[in-house]
Amino acid sequence: MVPQVRRHPLAAQAAELLLARVRAGEWPLGHRLPGETTLAAQLGVGRSTLREAIRELAGKGVLDSRQGAGVFVTALDVTEEWDAVLRRAAIASVIEARIAIEAEAAALAATRRTPADLRTIRRALSARETRGEPVDEHVDADMAFHRAVIVAAHNDVLTQLFDTFLPRLRQAMIDMLKIRPVPSESEDHEAHIRLVDAIAHRNPTAAAEFSRAHLTALKAAFS
């Protein structure tokens with residue numbers, strides 16, 4: 001039985017199902033799709049919804065609607081849009097900059113943190129753990145935690161660098177999580193706990209390593 005659309009938005013769902021059938025080889029390159037009436041019935045949508053789905057895939061280069069001739073397959077998958085490629089590259093660059101700033105700050109924080117700094121870091125860690133959706137609130141809680149670590153380094157230049165960098169960093173992290181969520185939230189939180197423990201035990205080598213490892217893993221998961 002051909003799968004049908006069950007949830008809104010219907011046009012987006014219909015486009016996904018059509019693309020899945022193209023990817024599966026049901027319609028080879030250059031092949032003409034069945035008529036609107038047939039496809040709409042198969043997907044369980046109206047003809048206007050089907051046309052919108054076809055327009056979406058035509059905009060992505062997968063289908064070509066030729067007046068009087070029908071709809072033809074022009075590609076077997078969606079090519080990643082150039083702006084998405086650039087956005088992903090920008091996010092990777094931001095994470096690399098974070099590694100440069102935050103790994104050093106973590107080492108300094110492990111050496112210089114005060115009891116008050118440690119309390120602030122732990123409060124920020126707790127707040128970060130309880131934040132889920134929406135994405136921007138989670139990112140804000142995460143940024144507050146990492147800023148608390150940097151402040152604990154007691155290096156005004158590093159703090160100023162982070163604060164200047166923060167608007168771009170915040171947007172990059174929001175974009176990243178919208179494109180691809182963190183693979184395991186529990187593992188991600190454990191990585192932050194290890195960092196706090198290293199700072200609490202005044203172990204600068206471990207703090208730097210945990211910070212660098214966490215961010216490197218984040219970059220690798222996203223790439």
Side-chain angles (χ1 to χ4, degrees), residues 1-99 132-139 142 167-188 214-223:
M1 180 178 176
V2 177
Q4 294 189 343
V5 172
R6 296 178 182 175
R7 300 188 300 277
H8 293 284
L10 291 178
Q13 291 284 320
E16 289 176 6
L17 290 176
L18 287 174
L19 180 58
R21 293 170 71 178
V22 170
R23 286 170 170 161
E26 182 173 344
W27 302 307
L29 194 64
H31 189 84
R32 181 180 181 276
L33 269 61
E36 280 187 358
T37 302
T38 300
L39 274 181
Q42 288 178 352
L43 298 174
V45 299
R47 293 174 67 178
S48 61
T49 299
L50 175 66
R51 292 189 195 111
E52 187 177 343
I54 289 172
R55 280 195 296 271
E56 180 179 333
L57 292 179
K60 295 179 177 179
V62 175
L63 300 179
D64 181 26
S65 183
R66 303 169 189 169
Q67 189 171 4
V71 179
F72 295 83
V73 177
T74 52
L76 300 180
D77 205 345
V78 176
T79 302
E80 191 171 20
E81 297 175 0
W82 184 239
D83 63 341
V85 173
L86 292 177
R87 189 163 65 251
R88 290 168 68 91
I91 292 168
S93 296
V94 165
I95 296 175
E96 289 171 357
R98 287 189 66 182
I99 294 171
E133 298 293 343
V135 169
D136 58 345
E137 290 187 7
H138 173 77
V139 169
D142 186 57
R168 183 174 179 183
L169 168 58
R170 179 181 185 273
Q171 189 57 55
M173 293 301 101
I174 290 173
D175 287 346
M176 183 194 76
L177 292 176
K178 286 181 177 179
I179 293 171
R180 182 178 300 173
V182 173
S184 171
E185 290 184 7
S186 60
E187 290 182 8
D188 181 67
H214 162 62
L215 292 170
T216 300
L218 193 66
K219 179 186 174 186
F222 179 70
S223 301

Between R21 and L33, is there a side-chain heavy-atom distance shorter than 4.5 Å? no
Can you list everything that forms a side chain to side chain donor-acceptor pair (under 3.5 Å) with S186? Sequence neighbours excluded, please. S184
Just how far is it from atom CZ of R168 to atom CD1 of I91, taken to the nearest 0.5 Å? 10.5 Å
Side chain to side chain donor-acceptor pair (under 3.5 Å) against E96, all qualifying residues, sequence neighbours excluded: K219
Spacing of CG belonging to L50 relative to CG belonging to L17, to within rounding of 0.5 Å: 11.0 Å
Validation row: L218, M176 side chains within 4.5 angstrom (heavy atoms): yes
Heavy-atom donor-acceptor pair, R98 side chain to L169 backbone, under 3.5 Å: no
Contact check, side chains of L43 and L10, non-hydrogen atoms, under 4.5 Å: no
Find the distance between CG (L39) and CZ (R51) and round it off to the nearest 0.5 Å. 12.0 Å
Separation between CD1 (I174) and NE2 (H138), nearest 0.5 Å, reads 10.5 Å
Should the heavy atoms of other residues, nucleotides or ligands under 6.0 Å from CZ of R23 be counted, would the total exceed 12? yes
If you compare all heavy atoms of E56 against all heavy atoms of A12, which two are closest, and at what distance to 0.1 Å? OE1-CA, 3.9 Å
Interatomic distance, CD1@I54 vs CG@L18, rounded to 0.5 Å, equals 6.5 Å
Closest non-hydrogen atom pair, L29 against L76: N-CD2, 3.8 Å
Min side-chain heavy-atom separation L57-V71 under 4.5 Å: no
Find out whether M173 and I95 are in side-chain contact, i.e. whether some heavy atom of one side chain is under 4.5 Å from a heavy atom of the other. yes
Within this structure, what is the CG-CG distance for the pair D188 and D142, rounded to the nearest 0.5 Å? 7.0 Å
